[in-house]
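Structure, as structure tokens:
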Number of protein chains: 2
Amino acid sequence: MTGRKRQSAEERKPAILRAFHQVIEAEGFENASVAKVARRAGVHPSLLIHYFGTKEKMVMALVDEVLETYALLFAKLPEGGDPHERLERLLTLLWSLEWHEAVNFSVVFSFLALSQRHDSLMERVRNLYGRYRVYLLEQMDLLSKAGAIHVSDPTASAEALISLCEGSHYFCRYHIEAGTFDAHCRHMIQAARLILGVG
Amino acid sequence: MTGRKRQSAEERKPAILRAFHQVIEAEGFENASVAKVARRAGVHPSLLIHYFGTKEKMVMALVDEVLETYALLFAKLPEGGDPHERLERLLTLLWSLEWHEAVNFSVVFSFLALSQRHDSLMERVRNLYGRYRVYLLEQMDLLSKAGAIHVSDPTASAEALISLCEGSHYFCRYHIEAGTFDAHCRHMIQAARLILGVG
DNA sequence: GTATTAATTAAACATTCATTTAATAAGAGA
DNA sequence: TCTCTTATTAAATGAATGTTTAATTAATAC
């Protein structure tokens, strides 16, 4: 009748979340109703409730996916190899198009807003950034001992790197000219080098 | 009957926007309905429509206020005086509690999400950051000539400062420990000095 | 004190909201 | 083929959505 095939839960649930993501992108989190998501997924609204229980749980399922995207991103951070080369790979990855486009800003901004009044979400985001910070501290220790960087206060440098990186990716669209993203990344890498004492 | 006094439009409209802001803070932008805002303002829902026309226009009125808050913040940036002292005042202001708490993060994150699909809002935010950038470039030129800083690429340094500042304020809550905001600010000021060649 | 203007509410509107309950349909295993 | 499970829809729910229209109330101007 609908022209849609019967699918398993393992196929349908991700498809619904994909539709949810698209609706948020197109119309905003505040306008992403169950009915609209269902329509985009080509499915009856009650099927979403059947799979997720409530809309809130569906939101949290999408949050899980977005957080997982970040976790996968962090998993790409370089671990071994020559210190100088590793530093180079780290900076190049942090300011790559891949890193920049990993998530949708409309979705992430909405979830960051949500985290302000959703304790467990806040805790999960903090946990993610905590791992980020630990990674940077470890690397700075290694790179420091190898003489690849020169930092006096690793904690301060880690905070600065995270701030520079997040500020750059989330806000550059508000102050750089169109078509200058590559140059912006070079600028940020240079600033990162100054912070790491290798300017 | 309601116990509320009759007020002029000049008093009522800001009061309604204040209530709107509070509802977003407490329940999120996606749950801030006209009825809830009216209830918090102690007023009938149709009064909001009478004053603002539509909910969307009411949203834009609140956006105006938030953007104005930022504009007033920028107006506090130091202009004259001794270069070294001015640099000191600039960094101290950028990483002050006043700067940090000037806006509500739940509200701003929601509006940043909105800007992704609202062209005129995007343009207005870009305009704001453009002025921020111009200010920094002007100051860097002056400070540079006075020997207070040493930057080779002012554009790159301005982008780095903005990124560091925004990334710090919007994301520090996700990676610093409670009660370490002051230390974090000191770290950021030190990083800013490195970027400005006065480390 | 009356007329006028502006603030405010009341009531009703169609629409959309998330969700429930029950029915249907399809595939899997026996 | 029959049974059982699971995917899917249909239909109905009451509440909440934003908005309109008309009525009411209070202050202002004359």
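Worth knowing before you read on, the calculation uses all heavy atoms, side chains too, and leaves out hydrogens, waters and symmetry mates. Protein chains get the first letters and strands the later ones, always in sequence-line order, with residue 1 at the start of each.
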Next on the checklist: Need one value for S33(B): base, sugar-phosphate or nothing, where a base atom within 4.0 Å counts as base even if backbone is also close, heavy atoms only.
Outcome noted: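 Sugar-phosphate contact only.
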Checklist entry - Name the one of L136(A), L94(A), L91(A) that satisfies side chain to side chain contact (heavy atoms under 4.5 Å, CB included) with C165(A)? => result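 Looking at L136(A), L94(A), L91(A), the match for C165(A) under the side chain to side chain contact (heavy atoms under 4.5 Å, CB included) is L94(A).
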Checklist entry - Just one of E177(B), H175(B), R173(B) clears the side chain to side chain contact (heavy atoms under 4.5 Å, CB included) bar with R126(A), so which one? => result E177(B)
Item to check | Side chain of K55(B) (C-beta onward), nearest among dT19(C), dA10(C), dT19(D) | outcome: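 Shortest atom-to-atom distance from the side chain points to dT19(D).
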Checklist outcome for this item: With the side chain defined as heavy atoms from C-beta on, H44(B) is closest, among dT19(D), dT8(D), dA11(C), to dA11(C)
Next on the checklist: With a 4.0 Å cutoff (strictly under), does any side-chain N or O of Y51(B) reach OP1 or OP2 of dT8(C)?
Outcome noted: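 For dT8(C), OP1/OP2 do have a side-chain N/O of Y51(B) under 4.0 Å.
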Can you check the [X] [atom1] to [N] [atom2] distance for me, whole Å?
| X | N | atom1 | atom2 | answer |
| --- | --- | --- | --- | --- |
| K36(A) | dT17(D) | NZ | C1' | 12 Å |
| R39(A) | dT9(D) | CZ | P | 14 Å |
| I49(A) | dT20(C) | CD1 | P | 7 Å |
| L48(B) | dT17(D) | CG | P | 12 Å |
| L47(B) | dA23(D) | CG | C1' | 15 Å |
| N31(B) | dA18(C) | CG | P | 10 Å |
| R12(A) | dA26(C) | CZ | P | 14 Å |
| H50(B) | dT24(D) | NE2 | C1' | 14 Å |

Next on the checklist: For the aromatic rings, using the six-membered ring if either is Trp, is the centroid distance between Y170(A) and F109(A) under 6.0 Å?
Outcome noted: yes
Checklist entry - Under 6.0 Å between the ring centres of F74(B) and Y135(B)? => result no
Checklist entry - Taking atom types as they are modelled, is there a donor-acceptor pair under 3.5 Å from the base of dA6(C) to the side chain of R6(B)? => result yes
